[in-house]
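So that the names make sense, note that chain A is the first sequence line, chain B the second, and so on, each numbered from 1. All heavy atoms count here, side chains included; hydrogens, waters and symmetry mates do not. All values reported here derive from a predicted model rather than from experimental measurement.
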Amino acid sequence: MSKLERIMHIEDDLSIQEVARVALEIVGGFTVKSCESGSQGLAEVADFNPQLVLLDVMMPGMDGPQTLAELQKLPCMTGVPVVFMTAKAQTQEVSSYRELGAAGVIIKPFDPMTLSEQIIEIWNQMHA
Amino acid sequence: MKQPRSSRLTAKILLLILGAGLLQVLLSGIVTQQGLRSDMQSLLIEQQKRLNGNAVRLIERELDIRKHFLATLAAQQALDGQVSYTSSAKLIASQQQSIDLYFPGGVLILNASGIAVGESTRVEGRLGTSYADRPHIRQALDSGQPGISKPIMGRTTRTPILSISAPVKNAQGRVIGLIAGGIQLEQENLFDVAVNTTLGSPSRLFVMDMTHQMYVTASDPELAMQPLPDDGASALLAKLRRGEDMGLLANVETGGEDLFIADEMPYLGWRVVSLTPLKRITDKLDPILTQNLLIGVVFFLLLSLALVFLLRRAMGPLSSAAQQITDMMEGRRPIQPIEIDRTDEVGYLVSVFNQLTQRQQQQALELERERDLLRSQFEQSSDAILLLTIDTLLISRANPELSKLLGYSVESLHDLPFAYLLEEGQAPLPELVSQAMTAGGQCVIILLRQFGGSVHCEVTAARVGLPGEYQLMLNLRDISERLRNEQLKNDFVSTVSHELRTPLTSIYGTLRLVNSGVLDNSPEQAASLLKSAEDNSQRLTALINDLLDIDKLEANKLQLQLKPLDLNAQLQAAKGMLSSMAYDARVDLRLPATCTLQVVADEHRLQQVLANLLSNAIKFSPLGGIVTLSTEQEQQQVRVSITDQGDGIPLEFQPNVFKRFAQADATATRQRGGTGLGLAISRSLMRAMHGRIGFISTPGQGCCFWISLPVASVSATSAHRIPEVLDSNGAKAYEQA
């Protein structure tokens, strides 16, 4: 099992994007690529070649599920887990994200000090 | 239906009573006749017996009369002191008339030697003849006592006679002669008198000397002196010899019966027997019995007439009541109480019928009310109701609401299989019905509309009707709107949750990072994050305020202070409040004209609406764009318009502009600020202030939002809502009252 190093974070809210980036880079030690929209993520995913994608659900233009669907079509995304990060945290909504193929769901507001641990746990579960 | 007639009952009662009466008359007639016949027969027999006794006494009396007569003659003869031819002739001559009366057979006077010396009827050779050898003569001469002989044959007449003798005694008591009178038994039947005077002609009389076993005489004189037949030849003699003195004998000649009665003459020892035809007795009964029968028949007829009269009188009202009931049943007269003035059983029956009718009318009325109520509920129910045949699940009846719900006409729903209306993919109909029929059970089914689309219905089912004709009644409640509202509510909660969690994520994350010290070495990054957290705090506060406003507005708890406001001052204040934002956005905010009107509004809330519209206009204006505030009086209203030069509102989004959290581009919420609730709140506030709000927008050509408020000089006019109108330029205009 390879070590998780590169994470792409697609989030339209810049303040959240910044908090997450600090949590992942400084606290978690990951290499993070932040994108403001799904289309930006799709455009840069091949170059960045992430090991895991952290994806916001509610986004203008292409929302999280649409972005996931498009990502799943890309060869470079084969085997790459996508974790939704969302403030829409009702039970049926969380269930629907999993049904779409999400490896995990992280609920906003998240704890930046334990965000990395949450992601690693999901990563480990994926590769167990 | 064949109606029972009281006349039939009358006929039955009449027949019964008259039949019983007739039977009684017949039976009583028979019994009476038998009793009468028996009694009368006994009476007549007694009478006959009495008559027979009378006859016996009469004969005895006749004989006694003659005996005394002879004794008188003997006494007269004795006066002569001798019995001679001369004295005899003299005596006879003096008593000739009496002698002829009592002794038509003549009187013979004998001397003491028994020689005939005198006779009342001349018989050749009799005088001088001695009769001393005749036993009864001898006995009379010897005994000196009067007597009556047994029937004997006359010596010279050669006819049977009965001889009565009386001795003639002298003063010394010596018998000096004898006077004997003969009664011709064949010719001078003195018994005929007895028979004719007592027994009547149809009777026959026999005088029998049972000692000498011979007839003394009889109604038939030829029997005189005839020997009595033996028992075998005569049933009568057989009975008499057995000692019977009364009885019946068969009469061979008449074919009937004869009554025989026998009495004994005590002096002579003869038996006097009368034979009377029984028919003669019973003939006397017939008139009595006939009369009795006639009385019975007349009584019966009178009774029948009385019965007919009484029954007609008694049953007449019943017949009338029955006719009235028939008329009611056949609709010839309204159902109403039958009037009757009777207190007997008929009156009671009609009274009970009236009570029953009244009760049935009340029940029918109640039933009709219930039926009307049910029909009304069925026809006017806000729920769709239908009846299904229990076996085939065909629609037997549907109410207008179902027709309205699905688009089918009520007629076309009739006999339609209910399964035809079900959207595919649901449980089988019987299972759904069973689920809906369980106690408290409800299920949701999806029905197809005739012209496309479907509707969610909550179903309750019940079995209705009578045994053998049960049906299923389904009550369908359209819950599509409820489901939509629930969905909207869920969406709202979800959206609010999202909108709250999103800024909170930034705030919490920043604080957590700063407090953990991981940014101690990156103060600039920490400052940037804190600035974002502060912005998100303000955003969170604004969102909470907006939510509170929404809640108050929806609950009608928002308190407004409506008062006349100087519109120009309000516009200037709003312009001043947003001038800083406009400056930052490089937008030129203009208010070209001065308005002198006053409007009625709540100052704080008017400013909130103007700020919302102006901030939206500024946010969506391009750099260097112009936002214009203008006013226009429209009769008793003032319209304030805020026009920008932005991209306008996409056509597909225009219907949703005033909905909560509705933004054509969600990015605007975060990139351009705002909670997504501003326009929804503004619409509610304008409604509360009796104003209106709307917009006109052509994509690519900017947007004009406007509000309309009542002028202060007039009372607030009632607002009306025009959801969508076209402006003069042909662009779609949206107006919210």
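Proximity to chain B (any heavy atom under 4.5 Å) is shown, for A/Leu14, by neither the backbone nor the side chain. B/Leu519 touches chain A through its side chain: at least one heavy atom from C-beta onward sits under 4.5 Å away, while N, CA, C and O do not. Neither the backbone nor the side chain of A/Gln17 comes within contact range of chain B; no heavy atoms are under 4.5 Å apart.
Applying the salt bridge (charged side-chain N to carboxylate O under 4.0 Å, His left out) criterion to B/Arg484, with sequence neighbours excluded, gives B/Glu481.
Residue pairs meeting the salt bridge (charged side-chain N to carboxylate O under 4.0 Å, His left out) criterion with at least one member in residues 71-87 of chain A, sequence neighbours excluded, are A/Glu70-A/Lys73.
Ranked by non-hydrogen atom pairs under 4.5 Å with chain B, the options A/Ile26, A/Asp111, A/Leu115 are led by A/Asp111. Ranked by heavy-atom pairs under 4.5 Å with chain A, the list B/Leu504, B/Leu529, B/Asn490 is led by B/Leu529. Of the listed residues B/Thr495, B/Leu513, B/Asp535, B/Asn536, the one with more heavy-atom pairs under 4.5 angstrom with chain A than any other is B/Leu513.
Judged purely by atom type and a 3.5 angstrom limit, A/Glu5 has no side-chain atom pairing as donor or acceptor with the backbone of A/Thr31.
A/Ser15 and B/Ser506 form a side-chain donor-acceptor contact under 3.5 Å, judged by distance and modelled atom types alone. A side-chain donor from one of B/Ser528 and A/Glu18 sits under 3.5 Å from a side-chain acceptor of the other.
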